[in-house]
Amino acid sequence: MLAIGLASQIALKASAPRQSASAEDLPPAPGIGALRLASFGDPIALGKALMLYLQAFDYQSGTKVPYRDLDYGRLETWLARILELDPQGQYPLLAASRLYAEVPVEAKQRSMLEFVYREFLLDPNRRWPWLAHATAIAKHRLHDLPLALRYARAIQRYAVADDVPLWAKQMEIFILEDMNELETARLIIGGYLQSEKVKDPAELRFLEGHLKELEARTVGKTKGKNR
C-alpha cells in the first residue's frame, strides 16, 4: 500500500502542470505589532525565521525568480520589519547591500542603497560596514560620486565608535580626490591630524604622507591653472 501510494504521488506530480512563480507573489509584510504578537515573546527567533523565508523566496515551486524581479518596495518593508524584531541582527543589511543591491537594475540598486543608508542612521556604530559597501557600489557600479560621497560623509560623521577603522572614515577623502576636490581632502586630513584622535603610529604616518602628496598635487594644480 505504501509503495502504491508513493508511486501515485510521483505520477500525479509528474503529470501536474508546472507552476510558474511570480515575483509579485511576495506578500506585503505584516505590521510590527502583529509580528510581535506572533513571536510569543521571542522576536529574535522570529526575525531569523522570516529572513530565511525572505531569502528563499526566489525559489517557488521549483522555479527561480530572479532577485531583480522582486517588488523592492515590499522587499524593503520585510527587511525593515526583521530589523525591528532583531535590531542587533546584521544579516538583513548584509543581504540588502551584498545581494539585493547588486541586481543589474539601477533604480532597484539605488532604492536598496537608500534603504541601507536609512537603517545605518539608526545605529551607525554597528551598521557602518553595510553603508561602506553601499558607498563602493555607488562609486564603482553606479559611477555616482556625489552619492558615494554622501554615504562616505555619513560614515565619517556618525560612526564615531573607537572600533570603526580609519579606512572607513577615510573613504570620504578618496572620493573627494576622485572628484578632484583636492583642497577639501587636504583640509580633512589636516583636521584628523590636529584632532589627535588617530593614535596608531602607522596610521599617522600614512595620513602625514598622504597629506604631503595632496599638498604637492594641489600646488601642481594651482600652477597649471596659472599657466
Side-chain angles (χ1 to χ4, degrees), residues 83 88 90-227:
L83 284 170
Q88 302 297 314
Q90 298 280 13
Y91 197 76
L93 290 173
L94 183 152
S97 61
R98 293 185 172 271
L99 182 65
Y100 300 121
E102 296 199 7
V103 298
V105 181
E106 183 174 331
K108 291 187 174 183
Q109 283 181 306
R110 290 180 179 274
S111 171
M112 194 54 59
L113 294 183
E114 282 296 293
F115 169 77
V116 173
Y117 172 72
R118 292 193 303 270
E119 294 297 327
F120 158 83
L121 293 174
L122 299 178
D123 191 357
N125 289 327
R126 297 187 69 257
R127 296 177 177 178
W128 65 265
W130 318 120
L131 190 61
H133 190 71
T135 304
I137 293 176
K139 177 181 176 180
H140 298 292
R141 299 284 183 89
L142 299 178
H143 305 290
D144 189 337
L145 290 178
L147 181 64
L149 180 62
R150 176 171 164 243
Y151 295 157
R153 278 181 168 163
I155 295 173
Q156 192 277 330
R157 179 176 297 178
Y158 300 115
V160 296
D162 292 337
D163 59 349
V164 178
L166 187 62
W167 67 260
K169 297 181 179 181
Q170 288 178 345
M171 294 179 77
E172 177 186 11
I173 297 170
F174 295 113
I175 294 171
L176 284 168
E177 290 184 53
D178 291 336
M179 298 175 73
N180 210 28
E181 297 287 345
L182 303 183
E183 181 64 22
T184 305
R186 187 181 69 82
L187 291 173
I188 292 174
I189 294 179
Y192 273 130
L193 294 173
Q194 291 179 4
S195 69
E196 299 183 350
K197 291 182 179 179
V198 182
K199 305 297 184 182
D200 185 89
E203 292 180 349
L204 283 171
R205 288 194 297 270
F206 173 81
L207 287 175
E208 289 168 351
H210 200 61
L211 180 60
K212 291 179 180 178
E213 291 177 11
L214 283 176
E215 288 172 345
R217 290 173 62 187
T218 303
V219 170
K221 182 181 176 182
T222 302
K223 288 180 178 180
K225 287 183 178 181
N226 294 333
R227 289 179 181 176

Spacing of L93 atom CG and R98 atom CZ [to the nearest 0.5 Å]: 12.0 Å
So, for E102 and H133, which heavy atoms are closest and what is the spacing to 0.1 Å? OE2-NE2, 2.9 Å
Quick one: closest heavy-atom pair of A134 and V116, and the distance? CB-CG1, 4.4 Å
Heavy-atom count around F174 CZ within 6.0 Å, excluding the residue itself: above 12? yes
Y100 vs S111 side-chain heavy atoms within contact, under 4.5 Å: no
Could you pull out the closest heavy-atom pair between A101 and I137, with the gap in Å? CB-CD1, 4.0 Å
So which atom in Y151 and which in L131 form the shortest heavy-atom distance, rounded to 0.1 Å? O-CD2, 3.6 Å
Please check this pair: side chain of Q109 against backbone of V103, looking for a donor-acceptor N/O pair closer than 3.5 Å. yes
Does R118 have more than 12 heavy atoms from other residues, nucleotides or ligands lying within 6.0 Å of its CZ? yes
As an exercise, state the distance from CG of L145 to CZ of R150, rounded to the nearest 0.5 Å. 14.5 Å
Where T135 and A152 come nearest, the two heavy atoms and their spacing: OG1-N, 3.8 Å
Is E172 reaching over with its side chain to a backbone N or O of I155, donor-acceptor style, under 3.5 angstrom? no
So how far is it from K108 NZ to L113 CG, rounded to the nearest 0.5 Å? 14.0 Å
Please indicate whether D163 has more than 12 foreign heavy atoms, meaning atoms of other residues, nucleotides or ligands, lying under 6.0 Å from its CG. yes
For I189 and L207, which heavy atoms make the closest approach, and how far apart are they? CG2-O, 3.6 Å
Rounded to the nearest 0.5 angstrom, the CH2-CD distance for W130 and E119 is 14.0 Å
Can you tell me if R127 uses its side chain to pair, donor with acceptor, with the backbone of L122 under 3.5 Å? no
Answer yes or no: is there an ion pair linking R110 with E114, defined by an N-O contact shorter than 4.0 Å? no
Could you tell me if the side chain of L182 sits less than 4.5 Å from the side chain of E213, heavy atoms only? no
Between E183 and R186, is a salt bridge (charged side-chain N to carboxylate O under 4.0 Å, His left out) present by the stated rule, with each step listed? CA-CA 5 Å; E183 181 64 22; R186 187 181 69 82; 2.5 Å; yes
Can you measure from NE2 (H210) to CD (E177) and round to the nearest 0.5 angstrom? 3.5 Å
Among M171, M179, K139, E181, find the one that has a side chain to side chain contact (heavy atoms under 4.5 Å, CB included) with L149. M179
Separation of R141 CZ from E106 CD (nearest 0.5 Å): 12.5 Å
